[in-house]
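See below for the structure under consideration.
Chain identifiers are assigned alphabetically (A, B, ...) following the order of the sequence lines, protein sequences preceding nucleic acid strands; residue numbering begins at 1 within each chain.
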Number of protein chains: 2
Amino acid sequence: MSDTANTRPTLSAVAARAGVSASTASLVFSGSGPVAEATRERVLEAASALGYAGPNPTARSLRRGRTGIVGVVTEDRLGDAFRDPINLALLDGLGDELADEGLGLLVLPWSPGSRADLAAAPMDAAVLLGCSADLAGSVELLRRRRIPLIAIEAPPLDGVVPIDLDNADATRRGAELLRELGHERVALVTLPLDIDRLRAPLTPEREAEATAYTAMERIRGAREVFPDATGVSAGASTVAEGYVAGRALLDVPGDRPTAIIAQSDLLAVGAIRAAEELGLAVPTDLSVLGFDGARLDGITSHVLTTLAQPAVEKGRAAGRAVRASLVGEMPAGVALGAELRRGETVAPPRA
Amino acid sequence: MSDTANTRPTLSAVAARAGVSASTASLVFSGSGPVAEATRERVLEAASALGYAGPNPTARSLRRGRTGIVGVVTEDRLGDAFRDPINLALLDGLGDELADEGLGLLVLPWSPGSRADLAAAPMDAAVLLGCSADLAGSVELLRRRRIPLIAIEAPPLDGVVPIDLDNADATRRGAELLRELGHERVALVTLPLDIDRLRAPLTPEREAEATAYTAMERIRGAREVFPDATGVSAGASTVAEGYVAGRALLDVPGDRPTAIIAQSDLLAVGAIRAAEELGLAVPTDLSVLGFDGARLDGITSHVLTTLAQPAVEKGRAAGRAVRASLVGEMPAGVALGAELRRGETVAPPRA
DNA sequence: CGATTCGATCGAATCGATTCGACCCGCTTC
DNA sequence: GAAGCGGGTCGAATCGATTCGATCGAATCG
């Protein structure tokens, strides 16, 4: 107790007190190398007497060239990124896979302008998650740091390992179902098209300038079946936004769409709510297709027809890619598929 | 291009190429100290020629004694901790407050046994978030590292800055409202009592062994008004768990409770759902009180009567405490209050 | 019994920066 | 013209560990 200085004890201090060299003390803590039992005990005793908490992580990282940290680059505020159940599922998978390796997740909310942190944050690898905007910019910055980069559902980028989802094809299959049922007037409710997250009708101009890869791929898939399909973009993947979008599409004079392709389940639920509020029954008066198939704890009583994606597996795949990169391999990209899950929200259009 | 070795360039390499000393090159990047404009340019030029991405964060951290990282110790899997809207709101506040300072959040899901990471993760401070179980153990470990510790709603701990909520008092006020309305048979749906998260009726034994501070405080507050109140503990703060708890409390022979005090809004929603499924109208046949007052995007159409807590502010307060600690101050703890928000889910009991 | 091996330990170099004090030089100031 | 000053640069120490190669005694082997 008495010799516990008010400064953090170092390994050398412990070694000195135990009467051994720093090298030997280091071996005791790192476990790499033979140490006599008696010595080990003396060192540990000295450590606990000094209140030594183990090797300084920073110093160890410097020497070893590994921080044990994986950055997760998300958009926005932390909370927003994690508000989406699909991201949460992904995090579950990612965390799982990395925890085994003792890797921690450093969350890097990233907005254009604040890129300083990306350059200065200690990490061994980075996972780019839904960086719809200016992905290229951040990638460039990170690439210079020569750390492995894994991107979730991003356009192909040199030197970046892609973890992909067949967004276009899955949406196409969903759209085909609608067409087979007889639908012709189909409207889209898309995810935000860019960081501005404008809540507005789709226009060729807006689509041309869109930066959100996932949203655009899903639009593309829908158009393969309904080439003229249009719709509105939501400001976020939430029920509230889906509701607003739903009102915009349904509360109009003239011919309403008979089906809505929503780009997330939350948006779908919102659209359904809007429909019901307008006196439209789902699926009798309106079919609604979702995307994600994530657990929507308590959010709705409808069993959505949706394109269920393997979100946890997406995270796991990313985690495995990170691990592979860290041992020097160049992991192959992964392409995952979503599966059309038939629920109770689509039906033939009313005659 | 040609002299870009396959190894990461260092500051010295840049300095050498620019024909200056490492010290001067360092000044260029850190900005602390005068550098002639011409020199600065030469250094930056050399840096970009070598593809230098800026000072190695780890080395910088070692020298400066600061990592720029704040650990957030949560329970469980990442996803679970973030599934609770109240934690998300807290993260928003915390992230906001820390981002200004350039601090990143390192997420440390912590389960008994895996405490290795807590010892080895580089961080300048740690925020303990809902560490119901074995808090003492992790605190001891972290305290040895001499880093500032901030705990959200935890029992008082030496050397740990508390960010508290008046859980007991708030619940008491909610309970008083119920009593004033005439309720006598009141049941509790509590948050998990410990890491086992047993979904089971409350018993004196279980309560005695409970480790979840928040849950116990809220129980205590309720008992100040209804000393004999009992109920069930949920396995998580979710609608599904609330539903199960609600069934357990309501689907019974004999006298049902006329009111339920749920320890979170999600649990309250679940309980309401259970009630309605049993043909009980809320609030006519059953009053339900929630806790949190967080945004429940699209989860329910009921306007909950609840104890709204300032979750974002809780995060901000934690963030401020972290910042204060980092400049050497010993921040005072903060005690926040929840406010009874009258919704449409409580009413006098049916006569 | 000499040679070899092995286990235990240590010294010194190293990881990649930051920072303090010294130094040089050109200018002002009395 | 000497002293003083301050901008600009550099050398060397330092942060706290890890790790490689060397050393040394004891045990094994032929």
- Task: Output yes when at least one side-chain N/O atom of Thr39(B) is less than 4.0 Å from OP1 or OP2 of dT9(D), else no.
- Result: yes
- Query: For the pair made of CZ in Arg60(A) and P in dC15(C), what is the distance, rounded to whole Å?
  - Reply: 19 Å
- Shortest non-hydrogen pair, Arg146(B) vs Leu50(A), comes out as NH2-O, 4.0 Å
- Gap between atoms CZ and P, on Arg63(A) and dA17(D) respectively (whole Å): 14 Å
- Query: Within the structure shown, what part of the strands sits under 4.0 Å from Ser61(A) by heavy-atom distance: base, sugar-phosphate, or nothing?
  - Reply: nothing
- Item | Side-chain ion pair, Arg64(A) and Asp124(A), N-O less than 4.0 Å | no
- Query: How many Å lie between CG on Leu11(B) and P on dG16(C), as a whole number?
  - Reply: 11 Å
- Using a cut-off of 4.0 Å on non-hydrogen atoms, how would the nucleic acid contact of Thr58(A) be classed: base, sugar-phosphate, or nothing? nothing
- Which residue lies more 5' along DNA chain D, comparing Arg42(B) with Arg64(B) via nearest heavy atoms: Arg42(B)
- Rounded distance in Å - CZ (Phe29(A)) to C1' (dT9(C)): 16 Å
- Looking at every strand, decide which applies to Pro55(B) at a 4.0 Å heavy-atom threshold: base, sugar-phosphate, or nothing. sugar-phosphate
- Message: For Ala59(B) and Val20(B), find the nucleotide of DNA chain D closest to each by heavy atoms; which residue's nucleotide sits nearer the 5' end?
- Response: Val20(B)
- Task: Give the rounded distance in Å between these two atoms: CZ of Arg8(A) and P of dA17(D).
- Result: 10 Å
- Query: Ser26(A) side chain N/O closer than 4.0 Å to the phosphate oxygens (OP1, OP2) of dT18(D)?
  - Reply: yes
- Task: Determine the contact category for Thr10(B): base if any of its heavy atoms lies under 4.0 Å from a base atom, sugar-phosphate if only primed atoms, P, OP1 or OP2 are that close, otherwise nothing.
- Result: sugar-phosphate
- Note on the structure: On DNA chain C, more 5' by nearest nucleotide between Ser23(B) and Ser21(A) is Ser21(A)
- Item | Gap between atoms CZ and C1', on Arg40(A) and dT9(C) respectively (whole Å) | 14 Å
- How close or far is atom C1' of dC20(C) from atom CG of Leu27(B), stated in whole angstroms? 11 Å
- Query: What's the CD-C1' distance between Glu41(B) and dG8(D), to the nearest Å?
  - Reply: 16 Å
- Query: Which one is paired to dC10(D), where only Watson-Crick or G-U wobble pairs with both distances under 3.5 angstrom count?
  - Reply: dG21(C)
- Query: Within the structure, does a side-chain N or O atom of Tyr52(B) lie under 4.0 Å from either OP1 or OP2 of dA17(C)?
  - Reply: yes
- Ion pair check, Arg320(B) and Glu313(B), cut-off under 4.0 Å: yes
- Query: Which class fits the ring pair Phe29(B) and Tyr52(B): parallel under 30°, tilted 30 to 60°, perpendicular over 60°?
  - Reply: perpendicular
- Would you call Arg42(B) and Glu45(B) a salt bridge, using N to O less than 4.0 angstrom? no
